Number of protein chains: 2
Amino acid sequence: MKLKKKERQEKLKEMIEETPFITDEELAKTFDVSIQTIRLDRLELSIPELRERIKHVANNNWNETLKALPIDEVIGEVVNLELDNLAISILDIKEEHVFSRNMIARGHHLFAQANSLAVAVINDELALTANAEIYFTRPVKAGERVIAKASVVGHDKKRTVVEVKSYVNSEVVFEGKFHMYRTTERKS
Amino acid sequence: MKLKKKERQEKLKEMIEETPFITDEELAKTFDVSIQTIRLDRLELSIPELRERIKHVANNNWNETLKALPIDEVIGEVVNLELDNLAISILDIKEEHVFSRNMIARGHHLFAQANSLAVAVINDELALTANAEIYFTRPVKAGERVIAKASVVGHDKKRTVVEVKSYVNSEVVFEGKFHMYRTTERKS
DNA sequence: CCACTATTATGACTAGGTCCTAATAGTAAT
DNA sequence: ATTACTATTAGGACCTAGTCATAATAGTGG
């Protein structure tokens, strides 16, 4: 049996909070009701339409990035992004990324840069790493700039395969093949 | 006199970068040209339409919470350590470890816990990860406690192989085989 | 069966575009 | 001045993801 109105509306609310980038049409399908019902629900719950929701999220981001633009440390700065195709990010290795004894970058920072890039390049609301084979081909020292290049190389079943190569001055320092899980079918 | 095409396009580009939430209509007014001219300009410069720009900004927010991740400090607390044999660490997954949409832990945190444990268990001054095969077998949610167990399983040439399994309540959530490089020969 | 709520359908209209075709303006070279 | 070319403007058809209003139909409890 279909959900009662109240239940549906609760789930609807949760769903939109989780994944605000969802259209009424998709919602209608998942709840197996008409679009109009979804719209009445949104009206009653005073949930704005998709485009307003997106704007809201974007606005938050905009305000934040204006404030928190110190791009320095983190997991790299994305300098190029073509969804479902390729992405490039830069990470400057600093004191805090390395073992103090030998100034060599700790592996998980290189991994984090590559992994987050693999997530970002996926043109989907939900992308998770399922598994990966990774190679640390050369130690990276503090002061070096790592450029990670991610490219989508294919799809097997529900998985998207992303290859990431990270370079310091055209020398490969990290390689990884990431098998990414994505919720919905890939958009052509 | 009105700006020449080239000048206008440069300014247009700047303007859209600065304030991506601007419609063609507003742009047309500020440059005192027709909407169609603006659209031709965007076409030539391959600048997407407003709604796509907004989505992109929003998407960044979603995909790349990158911008303030405190990966550096918390990689788990070591609770047991027998050099060259096994090690155990605990990591409590908190808000800052997860994607905000779905509360699923970002992969690199699980990796960081496992990788740093693999480094720690090696009884040597210098241990680096050479390569690894890793599997994220179950999503981990905020609030869950991840217990990682690393065990040294063997040596091939100059490498030490460490297996790490991470659990939430006796359920495996992450598995990895880490091939570690070490400077000196292993002490028997 | 009636009353009431819930759901679905339909049509008109909107913003902010795309894509295509066609007409007009402006300028530079012969 | 005439030709050639680029730049600009205009128009129409179409798109998505909605809004708002009206009306018809389904389903359920008393």
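Labels below follow one simple rule: chain letters A, B, ... track the order of the sequence lines, proteins then strands, and each chain is numbered from 1. Only a predicted model underlies this, so the values are computations on that prediction, with no experimental measurement involved.
- Of the inter-residue distances, the one linking B:Ser166 atom OG with B:Ile90 atom CD1 reads 11.5 Å to the nearest 0.5 angstrom.
- A:Lys55 has its NZ atom 13 Å from the C1' atom of C:dG17, to the nearest Å.
- Contact between the side-chain N/O atoms of A:Arg51 and the OP1/OP2 oxygens of D:dT19 is not found at any separation under 4.0 Å.
- Here CZ of A:Phe21 is found 8.5 Å from CG of A:Leu50. Values are rounded to the nearest 0.5 Å.
- Residue-to-nucleotide proximity on DNA chain D shows that, of B:Glu44 and A:Glu49, the 5′-proximal contact is made by B:Glu44.
- By the 30° and 60° cut-offs, the orientation of the rings of B:His97 relative to B:His109 is perpendicular.
- Here A:Arg39 does not reach the OP1 or OP2 of D:dC20: none of its side-chain N or O atoms lies under 4.0 Å away.
- Counted by atom type alone, A:Gln113 and A:Ser89 present one or more donor-acceptor pairs between their side chains at under 3.5 Å.
- A straight line from CD of A:Gln36 to P of D:dG18 spans 12 Å, rounded to a whole angstrom.
- OP1 and OP2 of D:dA7 both lie 4.0 Å or more from every side-chain N or O belonging to B:Arg8.
- Nucleic acid contact class of A:Ile35 (heavy atoms, under 4.0 Å, all strands): none.
- Per the geometry, CG belonging to A:Leu27 stands 15 Å off P belonging to C:dT7, to the nearest Å.
- Here B:Thr37 does not reach the OP1 or OP2 of D:dT8: none of its side-chain N or O atoms lies under 4.0 Å away.
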